[in-house]
Amino acid sequence: MTELSQMRRITLFLIAVCSTGLGQSENKNASPAAALTEARKAIDKGNAQWVDGWDKADASLIAGLFAPEGILLGRNGKFFKGPDQIFQRQKTIMEDAGKGVKATVTTVDLWLDSDTAYETGKYSYEYQEKGQPVTEEGRYVTIWKRQRDGSWKIIMDMGVPKN
């Protein structure tokens, strides 16, 4: 199975699982295009915060993007739930990587279903490991949920590295 077909299967599965029982949009009068534009703007801002967090090695910037019930799916079946666990995980990784990790996050597709946005994209991380340059690239699926205060927070994030 190719990486792209695996990503599509994972995306469809996650959309099916997460689309049941979702709340209604706060802005019920907005057109679908306007609602998508609003969500995209908030998600782009969140992605910029993710990149900034890596650049500054500031785990709180990344953990702050997650909803209280948010889950970060890691490698080897590990997952981290809630901003506190995600902060601890990111802090450990960032201590190893140090400041100046150049992260790139590029949204490829975004779907909006009421107060839930499904984002797929590509990522890359460039950093030094034992004095040698390293680049890690892959694809990701992120599910965002509009919060009661109108902000958008991550409820699930998963990266799929290239082999």
Side-chain angles (χ1 to χ4, degrees), residues 1-19 30-67 70-76 78-80 83 86-87 89-94 96-129 132-147 150-163:
M1 180 181 319
T2 68
E3 179 183 330
L4 188 55
S5 67
Q6 179 183 13
M7 200 58 184
R8 285 183 182 145
R9 291 180 77 191
I10 291 168
T11 301
L12 290 173
F13 170 77
L14 291 171
I15 289 171
V17 168
C18 295
S19 65
S31 72
L36 183 61
T37 299
E38 175 191 339
R40 176 67 189 250
K41 187 187 241 184
I43 289 166
D44 286 347
K45 184 178 175 184
N47 286 339
Q49 182 175 323
W50 183 280
V51 168
D52 195 37
W54 276 104
D55 184 53
K56 295 177 178 175
D58 186 343
S60 67
L61 288 175
I62 292 176
L65 292 168
F66 284 82
I71 295 175
L72 175 64
L73 300 176
R75 295 186 182 161
N76 302 320
K78 293 182 181 177
F79 69 92
F80 305 89
I86 293 165
F87 172 81
R89 185 252 189 187
Q90 289 302 122
K91 182 179 172 190
T92 300
I93 290 172
M94 290 174 165
D96 292 341
K99 286 188 179 180
V101 173
K102 183 179 179 336
T104 304
V105 176
T106 306
T107 302
V108 173
D109 284 308
L110 184 66
W111 299 268
L112 185 62
D113 178 20
S114 187
D115 286 342
T116 305
Y118 304 92
E119 176 192 17
T120 62
K122 298 177 182 180
Y123 70 85
S124 71
Y125 296 101
E126 296 176 13
Y127 55 96
Q128 296 284 320
E129 188 173 280
Q132 299 296 314
V134 176
T135 300
E136 179 186 319
E137 297 178 318
R139 295 184 168 272
Y140 67 89
V141 176
T142 303
I143 302 174
W144 299 80
K145 181 85 172 156
R146 186 192 328 255
Q147 305 299 293
S151 66
W152 287 86
K153 297 284 186 177
I154 296 170
I155 60 170
M156 193 286 306
D157 181 67
M158 175 186 71
V160 179
K162 283 185 180 179
N163 293 337

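Positions are given from 1, in the same order as the sequence printed here. All values below come from the heavy atoms of this structure, side chains included, with hydrogens, waters and symmetry mates left out.
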A.B. asks: Could you tell me which non-hydrogen atom of W50 sits nearest to which non-hydrogen atom of V105, and how far apart they are?
C.D. replies: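 Nearest pair, atom of W50 first, then V105: CD1-CG2, 3.9 Å.
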A.B. asks: About how many Å separate CD1 of I43 and CG of L65, when rounded to the nearest 0.5 Å?
C.D. replies: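 Output value for this atom pair is 11.0 Å.
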A.B. asks: Can you find a pair of side-chain heavy atoms, one from M156 and one from V141, that are under 4.5 Å apart?
C.D. replies: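 Yes - at least one pair of side-chain heavy atoms lies under 4.5 Å apart.
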A.B. asks: What heavy-atom pair brings A42 and W152 nearest, and what distance separates the two atoms?
C.D. replies: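 Looking at all heavy atoms of both residues, the closest pair is CB-CD1, 3.3 Å.
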A.B. asks: Find the distance between CG (N47) and CD (E119) and round it off to the nearest 0.5 Å.
C.D. replies: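 Reported to 0.5 Å precision, the distance equals 4.5 Å.
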A.B. asks: What closest approach, in Å, do A59 and K91 show between heavy atoms, and which atom pair accounts for it?
C.D. replies: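 Closest approach of A59 to K91: CB-N, 3.5 Å.
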A.B. asks: Are the side chains of V108 and K122 in contact, using a 4.5 Å heavy-atom criterion?
C.D. replies: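 A side-chain contact exists here, since the closest heavy-atom pair is under 4.5 Å.
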A.B. asks: Does some side-chain heavy atom of P133 sit less than 4.5 Å from a side-chain heavy atom of Q128?
C.D. replies: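 Contact flag for Q128/P133 side chains = yes.
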A.B. asks: Quick one: pull up CD1 in I86 and CD1 in I62 and give me the separation to the nearest 0.5 Å.
C.D. replies: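 It is 10.0 Å, given to the nearest 0.5 Å.
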A.B. asks: Is the distance between the ring centroids of Y127 and Y125 less than 6.0 Å?
C.D. replies: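 That pair fails the under 6.0 Å test.
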A.B. asks: Measure the CG-CD distance between D96 and E129 for me, rounded to the nearest 0.5 Å.
C.D. replies: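 Answer rounded to 0.5 Å: 9.0 Å.
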A.B. asks: How long is the span from the CZ atom in F66 to the CD1 atom in I155, to the nearest 0.5 Å?
C.D. replies: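 Reported to 0.5 Å precision, the distance equals 11.0 Å.
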A.B. asks: Show the numbers, then the answer: is there a side chain to side chain contact (heavy atoms under 4.5 Å, CB included) between W111 and D109?
C.D. replies: CA-CA 7 Å; W111 299 268; D109 284 308; 3.4 Å; yes
A.B. asks: Considering all heavy atoms of both residues, which atom of A67 and which atom of K153 are nearest to each other, and what is their separation?
C.D. replies: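 Residues A67 and K153, closest heavy atoms: N-CB, 3.5 Å.
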A.B. asks: Run the side chain to side chain contact (heavy atoms under 4.5 Å, CB included) test on W144 and D157 for me, step by step, so that the C-alpha distance in whole Å, both residues' side-chain angles and the decisive distance to 0.1 Å come before the verdict.
C.D. replies: CA-CA 9 Å; W144 299 80; D157 181 67; over 6 Å; no
A.B. asks: Look up atom OG in S31 and atom CD in E38, then write down how far apart they are to the nearest 0.5 Å.
C.D. replies: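 Answer for the OG-CD pair, S31 versus E38, is 10.5 Å.
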A.B. asks: Does the pair M94 and W54 meet the rule for a side chain to side chain contact (heavy atoms under 4.5 Å, CB included), with working shown?
C.D. replies: CA-CA 8 Å; M94 290 174 165; W54 276 104; 3.8 Å; yes
A.B. asks: Considering all heavy atoms of both residues, which atom of Y123 and which atom of E136 are nearest to each other, and what is their separation?
C.D. replies: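 So the two residues come closest at OH-OE2, 3.4 Å.
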A.B. asks: Please report the shortest heavy-atom distance between A117 and L112, naming the atom on each side.
C.D. replies: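 That closest heavy-atom pairing would be CB-CD1, 4.1 Å.
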